Amino acid sequence: MSRTEREALVDLLSQKGINDIYVLKAIGEVQREKFIPDTMKIHAYRDIALPIGQGQTISQPYTVAFMTQELKLRKGSKVLEIGTGSGYQAAILYKMGVEVYTIERNLKLYHPTLKLFDELGIRVRAKYGDGTLGWAEYAPFDGIIVTAGSPDVPEKLKEQLAVGGKMVIPVGSRTSQKLYVITKETEDKFVTDIIPEFSFVPLIGKEGWDK
Ligand code: SAM
């Protein structure tokens with residue numbers, strides 16, 4: 001896959017309003033085709049979600065860029081991702097110099113993605129389990145990014161967000177969600193901006209959907 005195709009994707013995202021130069025730079029560096037099944041690789045640089053098996057998807061590049069930008073990260077920020085999936089979002093965060101913690105509940109995705117991280121030298125801390133419960137051992141996090149749609153905001157994730165930190169999470173029905181951008185202003189004050197119409201696969205877990 002040529003560098004030109006990645007550059008064209010970066011141009012498109014910047015035309016669509018992505019202006020965080022660190023996000024754009026990471027998208028310009030990460031080879032999205034590595035995170036996509038062979039039969040789909042030709043579509044790697046289209047701005048669309050693609051199937052990765054197990055009924056799951058790698059998110060649309062615009063969505064990855066937009067959610068990452070909303071976290072307002074710096075080098076060295078500590079971020080928890082729920083829904084490792086293909087590993088692409090984690091790779092973007094890693095390229096930005098972020099300390100990445102990522103949780104996946106589907107073992108059939110988790111194992112190959114761990115192997116891919118290893119092959120590509122992407123050093124993130126990953127765990128298999130229910131991400132709706134967060135990862136208390138490493139909390140608090142400067143950012144939490146939930147890459148599956150939830151019926152509500154899991155309490156444990158609110159608790160594990162650092163004061164001053166931001167969480168992005170799609171909230172709504174099983175088929176359509178709004179993106180909540182939540183800032184934890186003090187230990188018990190949260191401010192939420194709501195951005196309409198995103199569509200994610202369901203977040204399944206104790207504080208998510210049943211199945
Ligand atoms: N961030 C991923 C990427 O870059 O490819 C997108 C993955 S996909 C849109 C959402 C993922 O969330 C799926 O892999 C799914 O198995 C996972 N998931 C759903 N509920 C989960 C939960 N409670 N804990 C952890 N992962 C979950």
Side-chain angles (χ1 to χ4, degrees), residues 9 13 23 26-27 29-37 40-41 43-71 79-96 98 100-117 120 122 124-136 138 141 143-157 160 167-172 174-177 179 198-211:
L9 176 63
L13 296 179
V23 173
I27 290 194
E29 285 171 2
V30 176
Q31 296 175 284
R32 189 169 183 252
E33 71 272 20
K34 301 272 187 202
F35 300 83
I36 289 172
M40 292 284 152
K41 282 194 197 298
H43 303 301
Y45 292 99
R46 292 177 64 195
D47 189 21
I48 52 173
L50 291 166
I52 55 170
Q54 300 293 306
Q56 304 301 324
T57 54
I58 175 172
S59 303
Q60 180 185 350
Y62 175 76
T63 303
V64 171
F66 186 85
M67 290 176 84
T68 309
Q69 174 167 284
E70 287 298 318
L71 289 175
V79 173
L80 175 65
E81 178 196 26
I82 311 303
T84 317
S86 70
Y88 180 70
Q89 172 73 69
I92 294 291
L93 292 165
Y94 174 72
K95 276 280 172 199
M96 290 172 69
V98 163
V100 184
Y101 298 79
T102 181
I103 308 177
E104 172 56 55
R105 69 174 288 277
N106 187 324
L107 266 187
K108 292 207 168 121
L109 294 172
Y110 177 73
H111 285 308
T113 298
L114 274 200
K115 192 160 164 267
L116 184 65
F117 285 152
L120 299 178
I122 296 165
V124 301
R125 205 174 282 259
K127 116 168 160 170
Y128 162 69
D130 178 3
T132 65
L133 304 175
W135 199 341
Y138 294 106
F141 299 97
I144 298 181
I145 178 165
V146 182
T147 67
S150 183
D152 218 330
V153 184
E155 273 311 310
K156 290 269 191 290
L157 297 185
Q160 292 175 23
M167 166 163 32
V168 285
I169 174 167
V171 178
R174 283 184 71 96
T175 51
S176 153
Q177 303 88 27
L179 186 68
F198 281 82
S199 179
F200 284 81
V201 295
L203 180 76
I204 298 167
K206 196 153 185 288
E207 293 197 36
W209 296 100
D210 289 344
K211 56 184 169 108

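Because the structure is a prediction, the values reported are computed rather than measured. All residue numbers in this chain count up from 1 along the given sequence. Start at 1 and go down the list; that is how both ligands and their atoms are numbered.
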*Asks:* Ignoring hydrogens and geometry beyond distance, is a side-chain donor-acceptor pair present between Tyr45 and Glu33 at under 3.5 Å?
*Replies:* yes
*Asks:* In terms of side-chain heavy atoms, does Thr102 have a donor or acceptor partner in Glu81 at a distance below 3.5 Å?
*Replies:* yes
*Asks:* Which pairs of donor and acceptor atoms, one on a side chain in residues 61-71, lie under 3.5 Å apart (sequence neighbours left out)?
*Replies:*
from  : atom 1 : to    : atom 2 : distance (Å)
Thr68 : OG1    : Val64 : O      : 2.5
Thr68 : OG1    : Gln89 : NE2    : 3.0
Gln69 : OE1    : Asn19 : N      : 2.8
Gln69 : OE1    : Asp20 : N      : 2.9

*Asks:* Say whether, by atom type as modelled, one donor and one acceptor occur between the side chain of Gln60 and the main chain of Asp47 under 3.5 angstrom.
*Replies:* yes
*Asks:* How close do Pro202 and Trp209 get, heavy atom to heavy atom, and via which atoms?
*Replies:* CB-CD1, 3.7 Å
*Asks:* Show me the short polar-atom pairs for ligand 1: any N or O of it lying under 3.5 Å from a protein N or O, with distances only.
*Replies:*
from     : atom 1 : to     : atom 2 : distance (Å)
ligand 1 : 1 (N)  : Glu81  : OE2    : 2.8
ligand 1 : 1 (N)  : Gly83  : O      : 2.9
ligand 1 : 1 (N)  : Thr147 : OG1    : 3.2
ligand 1 : 4 (O)  : Gln89  : N      : 3.0
ligand 1 : 5 (O)  : Ser86  : N      : 3.0
ligand 1 : 5 (O)  : Ser86  : OG     : 2.6
ligand 1 : 14 (O) : Glu104 : OE1    : 2.7
ligand 1 : 14 (O) : Glu104 : OE2    : 3.4
ligand 1 : 16 (O) : Glu104 : OE2    : 2.6
ligand 1 : 20 (N) : Ile204 : N      : 2.9
ligand 1 : 23 (N) : Asp130 : OD1    : 3.0
ligand 1 : 23 (N) : Ile204 : O      : 2.5
ligand 1 : 24 (N) : Gly131 : N      : 2.8
ligand 1 : 26 (N) : Arg105 : N      : 3.3

*Asks:* Which heavy atom of Phe200 sits nearest to which heavy atom of Ser59, and what is that distance?
*Replies:* CE2-OG, 4.1 Å
